[in-house]
Number of protein chains: 2
Amino acid sequence: MEKLQSLAHDIEKYILNLLEDEGDNIISLRRKELAEMFSCVPSQINYVLRSRFRPEHGFLIDSRRGEHGYIKILRVTCETPDEKLNHIAGLVGDEISLKEARRLLEALQERELITGRERLLIEIALRHLAEGAGNVETEEMADLLKSMLGSIMTV
Amino acid sequence: MEKLQSLAHDIEKYILNLLEDEGDNIISLRRKELAEMFSCVPSQINYVLRSRFRPEHGFLIDSRRGEHGYIKILRVTCETPDEKLNHIAGLVGDEISLKEARRLLEALQERELITGRERLLIEIALRHLAEGAGNVETEEMADLLKSMLGSIMTV
DNA sequence: ATTTTTTAGGTCAGGGATAATCAATCACAT
DNA sequence: ATGTGATTGATTATCCCTGACCTAAAAAAT
């Protein structure tokens with residue numbers, strides 16, 4: 001019955017549990033200790049962070065090296081359920097124009113799902129992308145928009 | 001009482017407390033005295049200032065040598081939106097790496113000039129840009145970062 | 001008035017202690 | 001066979017701290 005999960009999965013769950021216990025949405029780790037606890041190489045911790053605690057997932061990482069070094073994991077948003085991510089993906093689609101994106105963002109702000117400042121940030125990022133390349137970027141715009149919305153849309 | 005934090009951290013907190021107590025936004029120190037108080041080498045004070053009281057942290061340093069020497073620490077205050085824009089533009093500069101940008105965003109969130117959600121959005125946009133282009137993107141990153149920060153600082 | 005001495009603070013390189021990165025390899029599913 | 005995710009270890013970068021040497025300003029000596 002015991003489904004053997006990957007080490008990365010176990011470490012992820014351990015970190016999420018720590019966050020759950022804290023209630024303060026921020027925890028501080030020592031990479032070396034965590035690696036010892038799971039009997040793995042320290043860089044494995046970085047792999048877990050890179051693959052599961054990115055900004056897209058609503059997390060921010062602050063770290064310091066040297067003596068008294070640490071890794072702080074900050075949970076900015078609650079976990080966005082797949083259901084909601086699918087909804088966002090549906091709204092955005094595989095490709096999107098700047099004009100369509102603007103309409104979508106306006107609607108989201110209207111529903112108070114994002115703030116005016118957040119809407120500005122997203123619009124600027126998309127505009128920068130659109131102005132950069134020629135016209136094959138509607139797909140890329142859709143990807144970026146989904147990443148950004150996915151990171152801040154809370155449950 | 002165990003020493004849990006680094007010496008630099010303790011000195012930082014001591015200075016911040018002084019600033020807090022003063023109520024005013026400026027304090028004056030003697031490097032030698034402070035070093036003696038913490039039983040360390042005087043240059044350690046310089047290290048603390050260099051690593052924690054830079055403009056990106058919201059401080060300016062003024063000092064004088066010789067008899068009646070001093071180190072003054074001034075907390076930056078941006079009264080007008082214009083000052084805020086200039087401050088940000090100066091911090092970002094003409095070019096910036098992804099690593100530098102992340103550090104800056106951490107400081108800005110610490111200063112409560114941006115929220116965690118806004119930091120998420122900016123980090124995602126910058127990383128998207130950095131990973132997309134291969135090479136000479138430090139200028140473009142600086143432009144995008146200034147655009148994004150500038151847009152929300154005035155709201 | 002000029003020079004010398006004294007009294008500060010500044011800069012830099014280096015070493016120990018961490019964490020980050022990267023390329024190689026492994027594991028497993030398709 | 002191939003592709004994706006997981007794991008490792010070697011290398012690189014960063015942080016903290018010290019101490020040797022440098023510079024500036026004021027006082028003292030001339």
Test: Glu106(B) and Arg103(B) ion pair at under 4.0 Å: yes
The side chain of Glu67(B) is closest to which nucleotide in this list: dC16(D), dA27(D), dT23(D)? dA27(D)
5'-most contact on DNA chain D (nearest-nucleotide basis), Ser39(B) vs Leu7(A), goes to Leu7(A)
Picking from dA19(C), dG19(D), dG10(C), the nucleotide nearest the side-chain atoms of Asn46(B) would be dG10(C)
How long is the line joining OH of Tyr47(B) and C1' of dT11(C), in whole Å? 15 Å
To the nearest Å, how far apart are Asp10(A) CG and dG5(D) C1'? 15 Å
Lys/Arg-Asp/Glu bridge criterion (N-O < 4.0 Å) met for Arg127(B), Glu56(A): yes
Rounded distance (Å) that lies between atom P of dG5(D) and atom CD1 of Ile11(A): 17 Å
I'd like to know if Ser63(B) reaches the base of dG10(C) with its side chain such that a donor and an acceptor end up less than 3.5 angstrom apart. no
Could you say whether Arg52(A) or Arg64(A) is positioned toward the 5' end of DNA chain D, judged by the nucleotide with the nearest heavy atom to each? Arg52(A)
Specify the residue among Lys99(B) and Ser43(B) whose closest nucleotide of DNA chain C lies further upstream toward the 5′ end. Ser43(B)
Interatomic distance, Glu36(A) CD vs dT18(C) P [rounded to whole Å]: 10 Å
Go through dT8(D), dC15(D), dT7(D) for me and flag the one nearest to the Cys40(A) side chain. dT8(D)
d(NZ, Lys32(B); C1', dA25(D)) in whole Å: 15 Å
Taking the side chain as every heavy atom from C-beta outward, state whether Met153(A) and Thr77(A) have any pair of such atoms under 4.5 Å apart. no
When every non-hydrogen atom of His68(B) is compared with those of Tyr70(B), the smallest separation belongs to O-CD2, 3.7 Å
Counting only heavy atoms from other residues, nucleotides and ligands, does the tally under 6.0 Å from CG of Asn86(A) exceed 12? yes
Atom-to-atom span, CD1 of Ile45(A) to P of dC22(C) - whole angstrom: 18 Å
Leu49(B) CG to dC15(D) P, straight-line distance once rounded to whole Å: 16 Å
Side-chain contact check for Val41(A): nearest option of dA20(C), dG9(D), dA26(D) is dG9(D)
Of the candidate nucleotides dG9(C), dC17(D), dT12(D), which contains the atom at the shortest distance from the side chain of Arg65(A)? dT12(D)
Under 4.0 Å, counting only non-hydrogen atoms across every strand here, what does Ile71(A) touch: a base, just sugar-phosphate, or nothing? sugar-phosphate
From CD of Gln44(B) across to P of dC15(D) the rounded distance in Å is 14 Å
Using a cut-off of 6.0 Å, state whether more than 12 heavy atoms not belonging to Lys32(B) lie near its atom NZ. no
5' precedence on DNA chain C between Gly66(A) and Arg50(B) (nearest-nucleotide basis): Arg50(B)
In terms of side-chain heavy atoms of Arg31(A), which of dT21(C), dA6(D), dT8(D) is nearest? dT21(C)
Nearest listed nucleotide, side chain of Arg30(B), among dT7(D), dG9(C), dA19(C): dG9(C)
